[in-house]
Amino acid sequence: MESNNLPLIKSAFGEDFYWGVSTAAYQIEGAHEAEGKGASIWDVFSGTKGKVKLNHNGNLACDFFNRYPDDLQLMQSLHIPNFRFSLSWPRLLPQGYGSVSQTGLAYYNRLIDHCLELGITPWVTLYHWDLPHALEKLGGWTNRKVIDWFQEYAALCVKHFGDRVKHWMVLNEPMVFTGAGYFLGVHAPGRRGFGSFVPAVHHAALCQAIGGRTIRSLQPEATIGTTFSCSHIEPLRSTEKDERAARRVDALLNRLFMEPALGLGYPLQDLKFMRRIEKYMLPGDVDLLPFNFDFIGVQNYTREVVKHSFWTPFLQANLVPARKRNVPYTLMNWEVYPQSIYHILHQFSQYPNMPKLIVTENGAAFPDQLLDGQVHDPKRVAFLQQYLQQVLRAKAEGVPVTGYFVWSFVDNFEWAEGYDPRFGLVHVDYETQQRTIKSSGFWYRDFLKGEATVAAE
Ligand code: GAL
């Protein structure tokens, strides 16, 4: 594998590099019916038979709502300085707007205070997919009113937590929550079709920038980012058809939300079928889409290999599954391809006005086993080392990457896949809620303490 031959040691990334772990509210908190909380679209979706594998749901999840003091203690014991988590919108605003839940506010106040007491810096995502169900009943992301609802929610969060939270992320992976939730129907709220997808995209892109501006206006000194799912894209064959198909997939998966934020508009040149979005653009929207983010959150797991497919509606392209390519892959069927993160960091850094990049998620699900009170997960250790090596390679070549967060701190509810895929540095026994630090957790601790490692081949 191409590498930069630099030893994998924390100091090589520089003193001011941000190291952390990432989570999301619905995936860890549980307490789905805690006093004052409204239902989210994920409560409703996972409560509907047949939507999530084995009908799993996030009702209890990792019970982080009650166990956060112990979990933060564990995080501190692993020398992890930065903790990315999201706020649950319906825990704070049960109806999505209007009356505020005091219990919800008190919970996040306790959580943030506790982080700070332990010397852990909170990095807070405003929206990680758990829209209040009350808003979905009004059309959710397809209703342009979501802009007002989101602005109210963002302002509430900054007003109550901005005295202590200095790092914000507006949205988590808008391409995934609009694509999987409003086009494919495989994530909450389970809507399907182009007619839902296109307005959801436009409103999410507007909220991305408007959310940024809301934070900036109330907390000018805050560091503000937003996050994108992204994968290095390659054509299956070097034919013109596959290459053009790969370009369309790249525009859809990697560029659709980022380019409007950067002031470049939607990449409609390469995505002709998205032209219908213009129908939802009101006068002045062009100026509302950009925002000067302080950083862009890069969330990378794999690469995608693409082939032309005449029969696939709109995109006329298919992703070739890793299983069919004779390459290593994870429990999510995602190819293990460390160079993907290197290529995508380079690709993003080529935009002239790109701010700093922070890897806000990277990690892998492998079949872990708890044996004699231990979880030995060498594949995850190798995965993290190899991807980090590629981050360092990009950084050494001048890409302005300034942080890296592992997905995830603990095993958690993996959306439509339920609890089977485990991504944590810490194992969770869902019967007992017992936590066990995996070998990967110990490796990350030692790395963060400054010990050098050699990335496994
Ligand atoms: C991301 C998502 C996370 C987590 C991760 C692993 O797309 O933001 O919530 O599920 O993937 O699949």
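All values derive from a computational prediction rather than experimental measurement. Atoms within each ligand, like the ligands themselves, are counted from 1 in listed order. Numbering starts at 1 and runs along the sequence shown.
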*Does the pair Asp368/Arg380 count as a salt bridge with the N-to-O cut at 4.0 Å?*
yes

_Going by ring pair (Phe, Tyr, Trp, His ring centres under 6.0 Å), Tyr107 matches just one of Phe161, Phe85, Phe65. Which one?_
Phe65

*Are the side chains of Asp148 and Phe150 in touch, meaning some heavy atoms are under 4.5 Å apart?*
no

*Considering only heavy atoms from C-beta outward, does the side chain of Glu259 approach that of Tyr351 to under 4.5 Å?*
yes

_Looking only at the side chains, is there a donor atom on one of Tyr68 and Arg110 sitting less than 3.5 Å from an acceptor on the other?_
yes

*Near ligand 1, at a heavy-atom separation below 4.0 Å: residues by chain and residue number*: Gln27, His128, Trp129, Asn172, Glu173, Gln299, Tyr301, Trp334, Glu361, Trp407, Glu414, Trp415, Phe423

*asked:* Checking Lys53 against Glu414 for the salt bridge (Lys or Arg N to Asp or Glu O under 4.0 Å) test, could you report, in this order, the C-alpha distance in whole Å, the side-chain angles of both residues, the deciding distance, and whether it holds?
replied: CA-CA 10 Å; Lys53 263 198 195 145; Glu414 178 50 33; over 6 Å; no

